[in-house]
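Both ligands and their constituent atoms are indexed starting at 1 by order of listing. Quick caveat: nothing in here was measured; it's all calculated off a predicted structure. If you read the sequence from its start, that first residue is 1, and numbering goes on from there.
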Amino acid sequence: MFDFAPDPDLEKPVLYSALARAAQALVDGERDSVANMANLAAVIWQFVPDLNWAGFYRAIGDELVLGPFIGKPACIRIPFGRGVCGTAAASGAAQIVPDVHAFPGHIACDAETRSELVVPIVSGGRVIAVIDLDSPTPGRFDDEDASGMQLVAQVAAMAI
Ligand code: SME
C-alpha cells in the first residue's frame, strides 16, 4: 500500500508537482493500463482536496467510455463533443467549468457537482483519454489546477 500524506496547505504548483512525482512512482515499471488508471485515480483523490469525483474516460472509436474512477457511479458513454468531457476530447483543450449549470450540454452524473475540470491525455498527437475532476464547490478549479493536472496527464499518457 502507498500511503502518501500530502499537506493540504501546500501552494497548488507545489502540490501538483508532488502529485505528479507520486503518480510517476506508482506507474513506474507497470504496463497494465487499467491498474495504472486505478492507482492514478486513487492518488489524485488523495492529493487534490474538495473533490466528489475523479477518474478517467477513454477515447474508443468516436466516444468516451468510462474508466477507473473514485466517486459515485457515472454515465458510461459520452460522444466526442458532448458535455465537458466530450468537449475536452474533441478540442484537445483543458476545460475549466466554474459553474456546471452554466455549461451548455453538461452531463450531470452526481447532483452534488458544482464545478468541473477536464484535462485531455494526449499520446501520439491524439487524445487517448481524459481525466475528469468534479467538485461540490462552485469555482473550485483555476488555471493552476489545469496546469497541475496536465503534469498528471503527461504521466498518464505514458502509462495507459
Ligand atoms: N460531467 C461530465 C460527465 C462525467 S461525470 O461528471 C463523472 C460531462 O459533462 O462531460
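Listed by chain and residue number, Trp53, Leu66 satisfy the side chain to side chain contact (heavy atoms under 4.5 Å, CB included) test with Phe69 (two or more places apart in sequence, or in another chain). With sequence neighbours excluded, no residue forms a salt bridge (charged side-chain N to carboxylate O under 4.0 Å, His left out) with Arg21. Applying the ring-ring contact (aromatic ring centres under 6.0 Å, His included) test to Tyr16 and every residue at least two apart in sequence or in another chain returns nothing.
Atom CG of Asp28 has more than 12 neighbouring heavy atoms from other residues, nucleotides or ligands inside a 6.0 Å radius. Asp32 CG: more than 12 foreign heavy atoms inside a 6.0 Å radius.
Enumerated by chain and number, the residues approaching ligand 1 to less than 4.0 Å through a heavy atom are Trp53, Tyr57, Ala74, Ile78, Gly83, Val84, Cys85, His106, Ile107, Cys109, Glu116, Asp132, Asp134.
Looking at Asp134 and Arg114, no side-chain N of the basic residue comes within less than 4.0 Å of a carboxylate O on the acidic one, giving no salt bridge.
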